[in-house]
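We name chains A, B, ... by the order of the sequence lines, and we start the count at 1 in each one.
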Amino acid sequence: MLTTVPRGTKDILPENVHEWQYLENKIRELCLLYGFNEIRTPMFEHTELFMRGIGETTDVVEKEMYTFLDRGGRSITLRPENTASAVRSYLQNKLYADGGITKLFYIGSMFRYDKPQAGRYREFHQFGIEAIGEQSSLIDAEVISLGAALLKDLGLNDVLLKINSVGCPKCRPVYREKLQSFFKDKLTELCNDCQSRYERNPLRILDCKNPHCKELAEGAPKITDCLCEECADHFDKLQDSLTNLGIDYILDSHLVRGLDYYTKTAFEFKYLPLGAQSAILGGGRYDGLIEECGGNPTPAVGFATGLERVLLALETQKLLPPKNAYCDVFIIAMGKKAEQPAFKLLQQLRDKKLSALMDYAGRSMKAQMKQANKNGAKYAVIIGDDELANESATVRNMTDSAQTTVPFASLIDKITFEVNK
RNA sequence: GUGGCUAUGGUGAAGCGGUCAACACGGCGGAUUGUGGCUCCGUUAUUGCGUGGGUUCGAUCCCCACUAGUCACCCCA
């Protein structure tokens, strides 16, 4: 126990952090380009925020939240996603006061008590964006295009964009009824899950993987045929925008998002080779959430993407950057007398912003050379008895093995010059 | 939460109911005087085979539980 991480968590080790940094850098670069600003909200919030925001009957809230009472008796929950928090912050800090649209993005840990498997962790990381305060379908298209651009920038080509509209409080109930009457006489044939979905959330039946349910669902009314005029228009315009931008998509009337707050646009980028975890980026519009959280009715749209899954996808495609060694100079001190002068030189090089390393164990020349090599040093600087006697160091270029003798007096300048050239 | 599979040194992995548990990589050291990347040699790896029980004269190899990983379902990112 003492030397084991809790189930579903993972160390990101030094040999892999560069992959995360690479991904995060790409994300920040892109968000800047699209005018999204980073926001960092607390890792935990009042439980109520997620219950209201995400929806009490969702799986996330019902069985996946890390909820506990703090010492003051408050019910606290580790954030299972960041949209509710972003909206809370938007309201609390009156970000709407700036007028117009508020464009936010976040990167951070989320927590869900799931059964872990590859690409699914209890602590996982999401990057997401939220555009709050604009109802035009252009912003939906912008959000989707940012997602598409990210995956494309990363080199991930074999992704599939699916879109759908889940309607609004006006037209969804109508559709819901139509669906129920469609399944009414098939009810007993549906799987157990779907039978309970029939009452609670019949839209979910369309999403069922059970082959028989799939069969039964064939010919079910499509929500896109039942949208109210406003939703239908919004959806049409979104498709025009996507086509206009050259973003390929497929319509999937069975695409239903898991969280209650979605309205109108729902979309998902899939990377099929990941199997059950193929959903790498998903989002949609949530025009009702801000009001649900106590604000004025405010339209909003956003997405979230699972960084572990993106990384997994990049790994299968061999798209991750290699870790590059970072060492300009390795100093080799031979013998006790050379130790302090070498140590001083180490500091002087670092003061010049050159990355420098040395060995402290008094190993053999050969062993130290090996270390220099392993660390990817560009130069090795050797200081031993001969060098001390001559007040000069031996500088070895590790790539072409050329060696020169450089007086201590000009050593720093010489090395700095060589490395920076 | 349900079901299947798996669990050997830092890593990848062979292996058998009972002599020192292969091999490869890695680490460390060496191949004449103070020199790396290739090659060769030696050495090392909680005297040990996830943890705890059981069967047995005896288990790393058989059984059970637990833990963890993995896959599928559920759901999601």
Visitor: Could you state the CD-P distance from A/E123 to B/A77, rounded to the nearest angstrom?
Guide: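 Atom-to-atom, A/E123 to B/A77, this comes out as 17 Å.
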Visitor: What closest approach, in Å, do A/L30 and A/L146 show between heavy atoms, and which atom pair accounts for it?
Guide: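 Here A/L30 and A/L146 meet closest at CD2-O, 3.7 Å.
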Visitor: Should we count NZ of A/K186 as having more than 12 external heavy atoms under 6.0 Å?
Guide: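 Result for NZ/A/K186: enclosed.
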Visitor: Does a side chain donor of either A/Q277 or A/Q117 reach within less than 3.5 Å of an acceptor in the other side chain?
Guide: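 Judged by distance alone, the side chains do pair up.
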Visitor: Given the C1' atoms of B/C64 and B/U55, what is the spacing between them in whole Å?
Guide: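 Rounded to whole Å, the distance is 11 Å.
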Visitor: Taking the same atom, P, in B/G37 and in B/A31, what whole-Å distance lies between them?
Guide: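 These two P atoms come out 13 Å apart once rounded.
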Visitor: I'd like a list of close polar pairs between nucleotides 1-5 of chain B and the protein, N/O only, cut-off under 3.5 Å.
Guide:
from: B/U2; atom 1: O4; to: A/K115; atom 2: NZ; distance (Å): 3.3
from: B/G3; atom 1: O6; to: A/K115; atom 2: NZ; distance (Å): 3.3

Visitor: Please report the distance separating the C1' of B/U67 from the corresponding atom of B/U11, rounded so that it comes out in whole Å.
Guide: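 That atom pair is separated by 22 Å.
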Visitor: Starting at CZ of A/F269 and ending at P of B/A77, how long is that distance when rounded to a whole Å?
Guide: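 Value for this atom pair: 14 Å.
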Visitor: For the residue pair A/A300 and A/D287, what are the closest heavy atoms and their distance?
Guide: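 For A/A300 versus A/D287, the nearest heavy atoms are N-OD1, 3.1 Å.
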Visitor: So does A/S355 get a backbone contact from the side chain of A/D328, meaning a donor-acceptor N/O pair under 3.5 Å?
Guide: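 Flag set: sc A/D328 to bb A/S355 pair under 3.5 Å.
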Visitor: In whole Å, measure the gap between the P atoms of B/C73 and B/C66 for me.
Guide: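 My reading of the P atoms in B/C73 and B/C66 gives 24 Å.
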Visitor: Could you measure between the two C1' atoms, the one in B/A24 and the one in B/U44, and give it in whole Å?
Guide: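 The same atom, C1', in both gives a distance of 15 Å.
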Visitor: So A/Y66 and A/R122, do their side chains get closer than 4.5 Å, heavy atoms only?
Guide: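 Counting from C-beta outward, A/R122 and A/Y66 do come under 4.5 Å.
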Visitor: Report the distance from atom CG of A/D11 to atom C1' of B/G10, rounded to the nearest whole Å.
Guide: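 Rounded to the whole Å, the gap is 15 Å.
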Visitor: Determine the interatomic distance between P on B/C40 and the same-named atom on B/C20; round to the nearest Å.
Guide: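 Approximately 31 Å lies between the P atom of B/C40 and that of B/C20.
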Visitor: For A/A118, answer base if it contacts any base atom (sugar-phosphate contacts may also be present), sugar-phosphate if it contacts only those atoms, and nothing otherwise; contact means non-hydrogen atoms under 4.0 Å.
Guide: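 Result for A/A118 = sugar-phosphate.
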Visitor: What is the distance, to the nearest angstrom, from the CG atom on A/D59 to the C1' atom on B/A77?
Guide: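 In whole Å, B/A77 C1' and A/D59 CG are 14 Å from each other.
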Visitor: Indicate for each nucleotide in nucleotides 32-41 of chain B, in 5' to 3' sequence, whether protein heavy atoms under 4.0 Å reach the base (B), only the sugar-phosphate (S), or nothing (-).
Guide: --BBBB----
Visitor: Return yes if some donor-acceptor pair links the side-chain N/O of A/Y198 with the main-chain N/O of A/Q180 below 3.5 Å, else return no.
Guide: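 At least one qualifying donor-acceptor pair exists.
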Visitor: Tell me, yes or no, whether the heavy-atom count around A/E19 atom CD, taken from other residues, nucleotides or ligands under 6.0 Å, exceeds 12.
Guide: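 More than 12 within 6.0 Å, yes.
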Visitor: I'd like to know if the side chain of A/D359 reaches the main chain of A/G362, judged simply by a donor and an acceptor atom lying under 3.5 Å from each other, with no hydrogens or angles considered.
Guide: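 A pair under 3.5 Å: yes.
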Visitor: Provide the distance between the two P atoms, one in B/A59 and one in B/U2, to the nearest whole Å.
Guide: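 It comes out at 33 Å once rounded to the nearest Å.
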Visitor: Distance check, P atoms only: B/C61 and B/G18, in whole angstrom units.
Guide: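 It comes out at 12 Å once rounded to the nearest Å.
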Visitor: Side chain of A/N397, backbone of A/T399: donor and acceptor closer than 3.5 Å?
Guide: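 Yes.
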Visitor: Dot-bracket for RNA chain B, 5' to 3', with Watson-Crick and G-U pairs under 3.5 Å, [ ] for crossing pairs and | for other-strand pairs: what is it?
Guide: (((((((..(((.....[....)))((((((.......)))))).....(((((..]....))))))))))))....
Visitor: Verify, without hydrogens or angle tests, whether A/E134 (side chain) and A/S136 (backbone) share a donor-acceptor contact under 3.5 angstrom.
Guide: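 The answer is yes, because a donor-acceptor pair under 3.5 Å joins these two groups.
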Visitor: With nearest nucleotide decided by heavy atoms, which residue, A/A367 or A/G306, maps closer to the 5′ end of RNA chain B?
Guide: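 By nearest-heavy-atom nucleotide position, the 5'-most residue is A/A367.
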Visitor: Check the distance between B/C71's P and A/L274's CG and give it to me in whole angstrom.
Guide: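 Atom-to-atom, A/L274 to B/C71, this comes out as 10 Å.
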Visitor: Do the side chains of A/L345 and A/I412 get nearer than 4.5 Å, heavy atoms only?
Guide: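 A/I412 reaches A/L345 side chain to side chain.
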